[in-house]
Protein chains: 2
Amino acid sequence: MKRNTWQREAVRDALGRTEGFVSAQALHASLRGTGSEVGLATVYRALADLATEGEADSLVQEGESLYRACTPGSHHHHLICRNCGTAVEISADPVEAWARQVAAEHGFTEPNHVVDVFGLCPECSRAASSR
Amino acid sequence: MKRNTWQREAVRDALGRTEGFVSAQALHASLRGTGSEVGLATVYRALADLATEGEADSLVQEGESLYRACTPGSHHHHLICRNCGTAVEISADPVEAWARQVAAEHGFTEPNHVVDVFGLCPECSRAASSR
DNA sequence: TGCTACATGAGAACCGTTCTCACCCGCTGC
DNA sequence: GCAGCGGGTGAGAACGGTTCTCATGTAGCA
Ligand SMILES: [Mn+2]
Ligand SMILES: [Mn+2]
Ligand SMILES: [Zn+2]
Ligand SMILES: [Zn+2]
């Protein structure tokens, strides 16, 4: 049975208020910045829990795990800005079917897939081209 | 100008002789096992070089980078066994087009994508079901 | 209001990877 | 061949993100 602590609540809130994918450390720093005295280990634990409960999505970039609030219960993927982390949820129905088929064709069972699209968001594209 | 050393050659060979994705540490251990006295740092460096030269593919799983010999010059993806690391190269032309389109629709530029399909290979499926 | 088991947090430990730097050796020009 | 240069190597230290430890705190329940 999972307890309700203000720490867990603070992490959930901070994640929800964040545009794109953030690291545990960044989230911890931002919480500390607002006066919240959460421990780093607690932020890691809360994010891991949120991810297993399906309330957060995660991906690994350059050796660190990034998290993002997730609309729960729906399988989806992300279009992510390489520069600022902003993310858009996208559905990938044709890819789902393709992945299942490819696995089956080669006799692989219990298929899974990792599908992420990266790029520069409109804002970062503008900034990059005007430089 | 890149020099030819027996160490680099040994790493390339060992990678080529491996079925699926392997970690730098595992490859280093296997080289040591065959009497080759390569340093761990050198294995890391060689694998990184092979990856940037397009002679190896890499992916990150559970916090460690895995490498695999790659048929060079062709953009492709992988169907990977979660259990033993065995991998099959697959082409994903419909996914390529989909990814480009999704990025364009949201105004994202310089699109990239990560597409991996995981599952249990026929052999590992058999082992799992007979247990 | 007390009890108890789970959550928290500071710091240590962990672990894959990268860095350092003294030594080695592949390459080039002679 | 042979010397000399400059990049390569390797043992161990350092690094950085994450997890663990354990003493203390506190949510949830009666
Ligand atoms: Mn999917
Ligand atoms: Mn592709
Ligand atoms: Zn951006
Ligand atoms: Zn397998």
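Chain letters run A, B, ... following the sequence lines, proteins first and then strands; every chain starts at 1.
Checked by distance alone, R3(B) brings a side-chain donor or acceptor within 3.5 Å of a matching partner on the base of dG6(D).
Scanning residues 8-44 of chain B for heavy-atom distances under 4.0 Å to DNA chain C yields Q25(B), A41(B), Y44(B).
Annotation: side chain of I90(B) is in contact with side chain of H106(A) (closest heavy-atom distance under 4.5 Å). Between L59(A) and H78(A) there is no side-chain heavy-atom pair separated by less than 4.5 Å. Proximity of I80(B) to F108(A): side-chain heavy atoms (C-beta onward) are nowhere separated by under 4.5 Å. With contacts defined as side-chain heavy-atom distances shorter than 4.5 Å, the pair R82(A)/C124(A) does not qualify.
To the nearest 0.5 angstrom, N4(A) atom CG is 7.5 Å from R12(A) atom CZ.
The two residues L120(B) and A128(B) come nearest to each other via the heavy atoms CD1-CB, 4.4 Å. When all heavy atoms of W98(B) and S91(A) are compared, the pair lying nearest together is CZ2-O, 3.8 Å.
Map W6(A) and A48(A) each onto its nearest nucleotide of DNA chain D; the residue landing nearer the 5' end is A48(A).
Counting 5' to 3', DNA chain C first comes under 4.0 angstrom of a heavy atom of chain B and last does so at the ends given by dG16(C) to dC27(C).
Close to dT9(D), at under 4.0 Å from its OP1 or OP2, lies a side-chain N or O of T5(B).
Put simply, CD on E64(B) is 14 Å from P on dT19(D), counting in whole angstrom units.
L27(B) and L66(B) sit in two unconnected hydrophobic clusters of ILVMFWY residues. Membership requires side-chain heavy atoms under 4.5 Å apart, directly or through other members. Tracing side-chain contacts under 4.5 Å through hydrophobic residues (I, L, V, M, F, W, Y), one never reaches L15(A) starting from F21(A); they form parts of separate clusters.
Defining each end axis of the helix from dT1(C)-dA30(D) to dC30(C)-dG1(D) as the rotation carrying four pairs' C1' atoms onto the next four, with five pairs an end, the two axes are found to diverge by 40° to 10 degrees.
A distance-only check finds a donor-acceptor pair linking the side chain of S125(A) to the backbone of C121(A) [under 3.5 Å].
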